[in-house]
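Below is one structure; the comments refer to it alone.
Residue numbering restarts at 1 for every chain, and letters A, B, ... go by the order of the sequence lines.
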2 protein chains.
Amino acid sequence: MVETKKGVRDANATKARILDAAKGEFARLGLGGARVDEIAEKAKANKRMIYHYFGNKEELFKVVLEEAYLDIRGAELSLELEHLAPDEALKTLVRFTWNYYLENPAFIRLVNSENLHQARHIAESDRLVDASRKFTDLVGGILKRGEKDGVFRKGIDPVQLNITIAAIGYYYLTNRFTGAILFEREFMSKEALQERLEFNLDTVMRLVVA
Amino acid sequence: MVETKKGVRDANATKARILDAAKGEFARLGLGGARVDEIAEKAKANKRMIYHYFGNKEELFKVVLEEAYLDIRGAELSLELEHLAPDEALKTLVRFTWNYYLENPAFIRLVNSENLHQARHIAESDRLVDASRKFTDLVGGILKRGEKDGVFRKGIDPVQLNITIAAIGYYYLTNRFTGAILFEREFMSKEALQERLEFNLDTVMRLVVA
DNA sequence: TTATTAAGTAACTAACTAGTGCGTTACTTG
DNA sequence: CAAGTAACGCACTAGTTAGTTACTTAATAA
């Protein structure tokens, strides 16, 4: 939570508080379910400020989404996977992805909401496309190195692999509520989470191994 | 779409039209985004009838969800996988799951919406728990047979496997909108879909193989 | 000190939305 | 065929909701 003392006028701080509150509300209730009044209240800002700084609800949602994506893409790059052996790099990525989803529950909920709306809010964001391209290239590089070292089989599509790495973590976490009921199983205990991570690491390594 | 001639009074037909329209609207816009008036109009029924037959919006959502889940669980059971060799049974399940998601886009959207609301609408549905238990047992049985035949390695958790089979299809399809933008790739062309299915079959078979 | 600009507020509005009151119309059964 | 019951419809309400209007207050530069 962004906290700044009130009374003092500070445009940047107010913007940050609004973004923070909006992220929480959009994640919790989706674009349609979130309420502008509620966001303003949570941000300790006047609703008028939201319209002043962001134009309207959807534009605000755009900024929230873009920031969320840039954050994870930045974190992925800062793992410096190119300095690790291919198999370690891949394992690190699987672990990181899993932990990022766990520690940033807002992220997957925002992505879900954006997909419900057919991704029209990020449709023209060159910044996101650039960041994602770098990420795909990164994974492609790991696969190439592994292939050359003889530890990975060849011909693996980095995009398909990326999707799968995201999927096996993301799905478990977003659908944990229905999952817990239907499979009559605890999804969020320390042991359950650890077990799933191990299973996912295993899945990915079996998929790439030569 | 359920179609019945108007004017003639037919409670079952009206209920069916309402459920059908509700499924479409809830899938399209989520529980929060769907509008009761719109559902009534699409159902060619009076809004009053929705409240008459289903009580309120959330109860209607409950029925829609329960029907959607029972439908896929029923379809899975009618595959009669127990009559197939273990590896064929598993491949058939992966293909079926993929095709079901493709042909019933409402299903994954409804499940997403339900998880946004922490699964409170299916929380007490014994029918669903029973149906899911049968399904988990089915997959468990396939794994056991494969293990005995020496084609599958032992110790695979059927629940984790189920989750993974669902995940690698579900995630690709729900997140295809953001995916298409970020990965600069067509997700829904015939070729792309076929490629993903092959990749997923490969992923699952490599995961279980002895 | 004063004029200017930007930050911030409260009260409002027009459109919408879930849910209802109350009446009408058709089918069914004794 | 009469009377009861269930299907159906209109028009309303009470409460929301995104967005706006018109204003006050603080910071800043001349």
Is the backbone of A:Tyr170 close enough, under 3.5 Å, to the side chain of A:Thr174 for a donor and an acceptor to pair up by distance? yes
Side-chain N,O (B:Arg35) to OP1/OP2 (C:dA18) below 4.0 Å: yes
N/O donor-acceptor pair under 3.5 Å between A:Tyr172 side chain and A:Leu197 backbone: no
To the nearest angstrom, the NE2-P distance between A:His52 and C:dA7 comes to 5 Å
How close or far is atom P of D:dC8 from atom CD1 of B:Ile50, stated in whole angstroms? 12 Å
So if I take the C1' atoms of five pairs at each end of the helix from C:dT1-D:dA30 to C:dG30-D:dC1 and get each local axis, what angle do the two axes make, rounded to 10 degrees? 10°
Between A:Ser125 and A:Glu66, does any side-chain donor sit less than 3.5 Å from a side-chain acceptor? yes
Under 3.5 Å, is there a donor on one side chain and an acceptor on the other for A:Thr164 and B:Arg196? yes
Give me the atom names and distance for the closest heavy-atom approach of B:Ala123 to A:Ile181. CA-CD1, 3.5 Å
When you check the phosphate oxygens OP1 and OP2 of D:dA7, does a side-chain N or O of B:Thr14 lie under 4.0 Å from one of them? no
Would you confirm whether B:Asp71, through its side chain, and B:Glu67, through its main-chain N or O, come within 3.5 Å as a donor-acceptor pair? no
Tabulate atom names and distances for all N/O pairs under 3.5 angstrom spanning the protein and nucleotides 20-24 of chain C.
| unit_1 | atom_1 | unit_2 | atom_2 | d |
| --- | --- | --- | --- | --- |
| C:dG21 | O6 | B:Arg48 | NE | 2.8 |

Ignoring hydrogens, what is the shortest heavy-atom contact between B:Leu161 and A:Phe199? Give both atom names and the distance. N-CZ, 3.8 Å
Check this for me, if you would: do A:Lys134 and A:Asp130 make a salt bridge, where the nitrogen-to-carboxylate-oxygen distance has to be below 4.0 angstrom? no
Just the rounded figure in Å: distance from P of D:dG19 to CG of A:Leu60. 10 Å
N/O (side chain, B:Tyr53) to phosphate O (OP1/OP2, D:dA7) under 4.0 Å: yes
When you measure from the centre of the six-membered ring of B:Phe135, is the NZ or CZ of B:Arg73 closer than 6.0 Å and no more than 45° off the axis? yes
Write down the distance between CG (A:Asp37) and P (C:dT9), rounded to a whole number of angstrom. 14 Å
Which class fits the ring pair A:Tyr101 and A:Phe107: parallel under 30°, tilted 30 to 60°, perpendicular over 60°? parallel
Nucleotide D:dG15, atom P - distance to NZ of B:Lys57 in whole Å: 19 Å
Roughly, in whole Å, what's the span from CD in B:Glu59 to P in C:dA18? 16 Å
Once you round it to whole Å, what is the distance between P of D:dA18 and CD of A:Glu41? 13 Å
Considering only heavy atoms, which members of residues 22-34 of chain A lie under 4.0 Å from some atom of DNA chain C? none
For the side chain of B:Asn115 and the backbone of A:Thr178, is there at least one donor-acceptor N/O pair under 3.5 Å apart? yes
Atom NZ of A:Lys15 and atom P of C:dG8 are separated, to the nearest Å, by 11 Å
